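Okay, structure first, notes after.
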There are 2 protein chains.
Amino acid sequence: MLMGVAERKERHKEDLKREILDAAKSLFAEKGLEATSIRAIAEKIEYSPATIYLYYKDKNEIVHALHSEGFKLLVSHFEVLNHISHPFERLKGMGRAYIQFALQNPDIYKLIFNMEEPLKHVANCFEEWDEGDRAFDILLKTVGECQRLNYFNGFDAQQISFVIWSTMHGLCTLRTTGHLSHVAAAKANEQDIDQLMTSIFETFIIVLERLKS
Amino acid sequence: MLMGVAERKERHKEDLKREILDAAKSLFAEKGLEATSIRAIAEKIEYSPATIYLYYKDKNEIVHALHSEGFKLLVSHFEVLNHISHPFERLKGMGRAYIQFALQNPDIYKLIFNMEEPLKHVANCFEEWDEGDRAFDILLKTVGECQRLNYFNGFDAQQISFVIWSTMHGLCTLRTTGHLSHVAAAKANEQDIDQLMTSIFETFIIVLERLKS
DNA sequence: GAAAATTATGAACAGTGTTTAGTATATCGT
DNA sequence: ACGATATACTAAACACTGTTCATAATTTTC
């Protein structure tokens, strides 16, 4: 077999993996995770269901591929903010990026955070969540830099980082599951739900700012 | 038909509903939500799968019954704290109760919060989430009382309530999905995960206390 | 005890993820 | 160019799932 041919086939193979992933992503976004069948993905890319299994071991592997991709996207959103020199301003930017990511990719967000990962594969887990750890490290580092400017005085950087992550994650989760909208509606708060979310975020920022001594 | 007989049958019917619910709850806790089949529930109570459908319309109705029960349990955990006169102490108690509830009933917790409710039934939704709204109202009221003691000065009670809910919910969700453990492990923080969670909670309490003017 | 109403079920339907045996297709050495 | 070989693909089946429905068993009523 010629060298070039092998490459072309390899490329084609990668292309099909991408096609599968894209089809899966769009169907997940449209119908949800559980409601999307392998057969539906296969039909979308005009292949037999069995073909999917030549490119991905199972449905979980597809989910994890999207998981990994989603995380890299989130981290890339963070890295854009590196140019902001003031760490607290950067922290604010990260919060906004986090919210934006959750709102723009609600299904990927749920995929990443709201699902207990299949405990099985250990090796994979490490690889996947390296991204997660990196994201947390960026947060931790930023909080540390803030402390040198007298933010979060007297607090442990890691603890504060966990609190911040919890708050942002909780807010996004309540939003994407619809619970925020529900309670807001019950409180006759008819304003735009995203505006409510933004104002909650801003309140949180003010809370954090008050921790500056 | 005698009057007493009708009552007895009605009681039996209620008993079987309970049996189904208990079987479902234990199986959900053991195997998870999606992994538990109607057939498995039926086998556990030693009835035919079809029988389940004489007592519950669908699997969703079973889930919602547990949902409703779980919420009432949470609210009851809150109401025990009514005797605490100092509102901020009561708020702390609520936080602890919330965490305890999430840790002791992780599957019910996920059921309530981490699932987008089937959008279908409107009437049901209202009933179910009355409990949710009540829980939020209790929080809101407590925050309001705190403000009269100069806590959260200059903040809107509703906004602060949402921030508090977000933080607690985020913390519990990160815990029950295993993400907290993962990142903590990566940070070589080998201490007990529940202890970590408690200390994050305490840090959050200190943050809130700093908002007292 | 017979009739009527209630309660329980076996079997089936349409769907799921996944495996396998077998078929096309493309590449290879000659 | 052709037969052999390796690759890519798929139809069919398996063991599940939630759910329905006609039928059977049981209980209650008269």
Side-chain angles (χ1 to χ4, degrees), chain A residues 1-21 23-24 27-28 30-67 111 115 117-118 120-121, chain B residues 1-21 23-25 27-28 30-67 111 115 117-121:
Chain A
M1 191 200 264
L2 290 170
M3 296 263 270
V5 176
E7 277 176 40
R8 177 168 55 79
K9 295 201 82 174
E10 196 54 42
R11 246 198 333 272
H12 173 66
K13 195 155 184 167
E14 287 306 311
D15 284 353
L16 201 40
K17 285 195 89 166
R18 254 259 69 81
E19 269 190 73
I20 292 170
L21 230 54
L27 284 173
F28 286 167
E30 191 183 336
K31 306 237 185 196
L33 242 165
E34 316 287 337
T36 304
S37 66
I38 296 284
R39 284 170 175 85
I41 298 172
E43 195 175 353
K44 183 143 194 165
I45 61 167
E46 292 176 296
Y47 276 86
S48 157
T51 303
I52 307 268
Y53 289 86
L54 300 177
Y55 296 88
Y56 291 95
K57 190 177 124 285
D58 38 25
K59 197 180 180 182
N60 259 322
E61 197 166 297
I62 299 175
V63 168
H64 273 84
L66 289 175
H67 174 123
L111 214 72
M115 267 177 50
E117 43 221 315
K120 304 151 200 166
H121 46 105
Chain B
M1 190 199 266
L2 290 169
M3 295 264 270
V5 176
E7 274 176 40
R8 178 166 56 80
K9 294 201 79 173
E10 196 54 42
R11 248 199 331 271
H12 174 68
K13 195 157 184 166
E14 287 306 311
D15 283 355
L16 200 41
K17 285 195 88 166
R18 255 260 67 82
E19 269 191 71
I20 293 170
L21 228 54
K25 186 147 96 183
L27 284 172
F28 285 167
E30 191 183 336
K31 306 234 185 200
L33 241 161
E34 316 287 336
T36 303
S37 66
I38 296 284
R39 283 170 177 84
I41 298 171
E43 196 175 353
K44 183 144 195 163
I45 60 168
E46 294 177 292
Y47 276 86
S48 157
T51 303
I52 307 271
Y53 289 87
L54 300 178
Y55 296 87
Y56 291 96
K57 192 176 123 283
D58 332 85
K59 196 180 179 181
N60 259 322
E61 199 167 295
I62 298 175
V63 168
H64 272 83
L66 288 175
H67 174 122
L111 213 74
M115 266 179 50
E117 43 222 317
L119 318 146
K120 307 152 197 165
H121 47 107

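Small disclaimer: the values here were computed from a predicted structure and weren't measured.
In this structure, CD of B/Glu19 is placed 11 Å from P of C/dA8, rounded to the nearest angstrom. Between A/Lys57 atom NZ and C/dT18 atom C1' there is a gap of 11 Å when expressed in whole angstrom units. The CG-C1' distance, from A/Leu16 to D/dA8, rounds to 10 Å in whole Å. Atom pair B/Asp58:CG and D/dT20:P shows a separation of 7 Å (rounding to whole Å applied). C/dG17 atom C1' lies 14 Å from atom CG of A/Leu33, rounded to whole Å. The interatomic distance linking B/Tyr53 (OH) with C/dG10 (P) rounds to 16 Å, in whole Å. In this structure, B/Leu54 places its CG atom 18 Å from P of C/dA5, rounding to the nearest Å. Summarising the geometry, the separation between CG on B/Asn60 and P on D/dT17 is reported as 17 Å, rounded to the nearest angstrom.
Atom CD of A/Glu46 and atom CD of A/Glu19 lie 9.0 Å apart (nearest 0.5 Å). Interatomic distance, NE2 of A/His67 versus CG of A/Asn60, reported as 11.5 Å (0.5 Å rounding).
For residues 41-51 of chain A, proximity to DNA chain D is found at A/Tyr47, A/Ser48, A/Ala50, A/Thr51, defined as any non-hydrogen atom under 4.0 angstrom from a strand atom.
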Under 3.5 Å, which donor-acceptor pairs link side chains of residues 36-43 of chain A to any protein atom two or more places apart or in another chain?
{"from": "A/Thr36", "atom 1": "OG1", "to": "A/Leu27", "atom 2": "O", "distance (Å)": "3.3"}
{"from": "A/Thr36", "atom 1": "OG1", "to": "A/Gly32", "atom 2": "O", "distance (Å)": "2.6"}
{"from": "A/Ser37", "atom 1": "OG", "to": "A/Ala40", "atom 2": "N", "distance (Å)": "3.0"}

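By the salt bridge (charged side-chain N to carboxylate O under 4.0 Å, His left out) test, B/Lys59 pairs with no residue at all, sequence neighbours left out. Residues forming a side chain to side chain contact (heavy atoms under 4.5 Å, CB included) with A/Tyr47 (at least two apart in sequence, or on another chain): A/His12, A/Leu16, A/Ile45, A/Thr51. For A/Lys57, there are no side-chain hydrogen bond (donor to acceptor under 3.5 Å, both in side chains) partners at least two apart in sequence or on another chain.
The closest donor-acceptor contact from the side chain of B/Tyr56 to the backbone of B/Val63 lies at 3.5 Å or more, if one exists at all.
Residues A/Ile20 and A/Tyr55 come closest through the heavy atom pair CD1-CB, 3.8 Å.
In this structure, B/Tyr55 reaches the C/dA8 phosphate: one of its side-chain N or O atoms is under 4.0 Å from OP1 or OP2.
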Collect all protein-nucleotide pairs involving nucleotides 13-16 of chain C in which both atoms are nitrogen or oxygen and the distance is under 3.5 Å.
{"from": "C/dT16", "atom 1": "OP1", "to": "A/Ser37", "atom 2": "OG", "distance (Å)": "3.1"}

